Amino acid sequence: MWSMEAEEAAGRIAQRLCAYDFTGKTGDLPCRPVREGLRPAAVLIPLVWHADEPAVLFTRRADHLPSHPGQVSFPGGKREADDASAEAAALREAREETGLPESDVRVLGCLPDYVTVTGFMVTPVVGMLRPPLALSPAPGEVAEVFEVPLRNLLDKSAYRRHDYVRDGVAGQYLALEWRRYTIWGATAAMMWMLADALA
């Protein structure tokens with residue numbers, strides 16, 4: 001059973017997500033426009049509602065993976081043909097990657113779709129979890145699962161811009177440091193969007 005504090009927080013977050021007027025920028029970086037040919041995907045932004053301090057759950061991808069090895073990310077992946085919705089895709093991927101049952105997630109809403117440099121259109125699904133969590137990360141996909149206090153992630157001034165060059169094209173991305181982890185790229189951008197929505 002959810003506490004009164006968690007119930008109130010869930011209601012407020014859901015309202016903020018519903019009313020979020022996204023400017024099309026993360027920080028001062030413009031987002032890529034939605035276009036034809038993008039592959040649909042979804043991630044779960046899991047808010048772990050500890051009584052003393054809420055946190056966000058992240059995964060670190062296994063080091064041997066051909067795509068984004070060792071990178072910090074949200075549970076998620078591409079949307080399959082039999083996924084009824086982006087929410088269903090995010091919950092399925094979270095279960096497959098971390099062992100989190102779909103029934104343990106209270107979906108609060110979604111952030112605007114985010115287009116990645118690799119050609120995915122990602123729907124960030126925000127969900128609330130009640131601890132304790134009984135997780136069983138998939139050893140072939142996930143090196144570790146960890147939490148970051150929500151208050152650290154809601155501080156938009158903590159996000160820094162960095163330069164990159166991909167296929168000869170220069171760009172910039174956001175990144176946030178927490179302990180020994182670097183949260184960057186699409187994951188940091190979507191987390192910034194949540195911080196902006198909840199500001």
Side-chain angles (χ1 to χ4, degrees), residues 1-27 31 34 40-59 72-79 83-116 120-135 145-159 174 176 178 183 186-199:
M1 185 155 200
W2 292 92
S3 68
M4 288 296 291
E5 291 81 5
E7 288 283 357
E8 183 178 358
R12 288 185 176 182
I13 292 170
Q15 287 178 345
R16 293 288 182 90
L17 292 173
C18 185
Y20 183 38
D21 185 17
F22 183 48
T23 65
K25 293 183 177 182
T26 53
C31 291
V34 174
V43 298
L44 179 67
I45 303 181
L47 307 179
V48 187
W49 216 257
H50 299 286
D52 56 341
E53 183 170 41
V56 177
L57 183 120
F58 293 89
T59 64
V72 171
S73 63
F74 294 119
K78 67 179 182 179
R79 185 170 170 178
D83 288 324
S85 63
E87 291 88 343
L91 295 176
R92 174 186 55 76
E93 286 282 349
R95 172 177 48 79
E96 292 175 356
E97 292 180 14
T98 69
L100 177 68
E102 287 96 326
S103 58
D104 286 359
V105 183
R106 180 172 179 172
V107 174
L108 304 180
C110 297
L111 289 164
D113 291 336
Y114 182 84
V115 177
T116 70
F120 284 94
M121 184 175 69
V122 184
T123 301
V125 178
V126 182
M128 184 179 281
L129 315 179
R130 186 181 63 189
L133 305 178
L135 303 178
V145 176
F146 64 97
E147 296 180 13
V148 179
L150 180 60
R151 60 181 167 83
N152 292 68
L153 299 164
L154 295 183
D155 179 8
K156 291 191 290 183
S157 68
Y159 294 77
L174 292 180
L176 173 73
W178 187 77
I183 302 165
T187 302
M190 290 183 280
M191 191 63 238
W192 187 96
M193 290 165 63
L194 179 61
D196 192 46
L198 301 184

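Excluded from the calculations below are hydrogen atoms, water molecules and symmetry mates; all remaining heavy atoms, backbone and side chain alike, are included. This is a predicted model, so every value here is computed, not measured.
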So do the side chains of [X] and [Y] get within less than 4.5 Å of each other, counting heavy atoms only?
| X | Y | value |
| --- | --- | --- |
| C31 | Y114 | yes |
| L57 | L133 | yes |
| W49 | L129 | no |
| M191 | L176 | no |
| I13 | L47 | yes |
| V56 | N152 | no |
| V125 | V43 | no |
| D196 | K156 | yes |

Task: Salt-bridge criterion met for R106 and E7 (N-O under 4.0 Å) - done: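 Salt bridge between R106 and E7, a charged N being under 4.0 Å from a carboxylate O: yes.
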Task: NZ/NE/NH1/NH2 to OD/OE distance under 4.0 Å, D104 and R130 - done: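 Between R130 and D104 there is no salt bridge, as every charged N stays at least 4.0 Å from the carboxylate O atoms.
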Task: Side-chain donor-acceptor contact under 3.5 Å, T59 with S73 - done: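 The answer is yes; a qualifying pair exists.
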Task: Residues forming a side chain to side chain donor-acceptor pair (under 3.5 Å) with Q15, sequence neighbours excluded - done: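 Testing Q15 for side chain to side chain donor-acceptor pair (under 3.5 Å), a comparison that skips the adjacent residues, returns none.
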Compare every heavy atom of [Y] with every heavy atom of [X], then report the nearest pair and how far apart it is.
| X | Y | answer |
| --- | --- | --- |
| A86 | A42 | O-CB, 3.3 Å |
| E93 | K78 | OE2-O, 3.7 Å |
| R79 | S85 | NH2-CA, 3.2 Å |
| L17 | A197 | CD2-CB, 4.4 Å |
| E87 | C110 | OE2-SG, 3.4 Å |
| L174 | G27 | CD1-N, 4.3 Å |

Task: Derivation and outcome, side chain to side chain contact (heavy atoms under 4.5 Å, CB included), residues I45 and L111 - done: CA-CA 10 Å; I45 303 181; L111 289 164; 3.8 Å; yes
Task: By ring-ring contact (aromatic ring centres under 6.0 Å, His included) - contacts of F58 (at least two apart) - done: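 Only F74, F146 meet the ring-ring contact (aromatic ring centres under 6.0 Å, His included) criterion with F58.
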TODO: Assess whether atom CG of D155 is packed by more than 12 heavy atoms of other residues, nucleotides or ligands within 6.0 Å.
DONE: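 More than 12 within 6.0 Å, yes.
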- [ ] Decide yes or no on side chain to side chain contact (heavy atoms under 4.5 Å, CB included) for V107 and L44, but give the supporting numbers first.
- [x] CA-CA 9 Å; V107 174; L44 179 67; 5.6 Å; no
- [ ] Evaluate side chain to side chain contact (heavy atoms under 4.5 Å, CB included) for D113 paired with V122, printing each intermediate quantity in order.
- [x] CA-CA 5 Å; D113 291 336; V122 184; over 6 Å; no
TODO: Evaluate side chain to side chain contact (heavy atoms under 4.5 Å, CB included) for R16 paired with L198, printing each intermediate quantity in order.
DONE: CA-CA 6 Å; R16 293 288 182 90; L198 301 184; 3.8 Å; yes
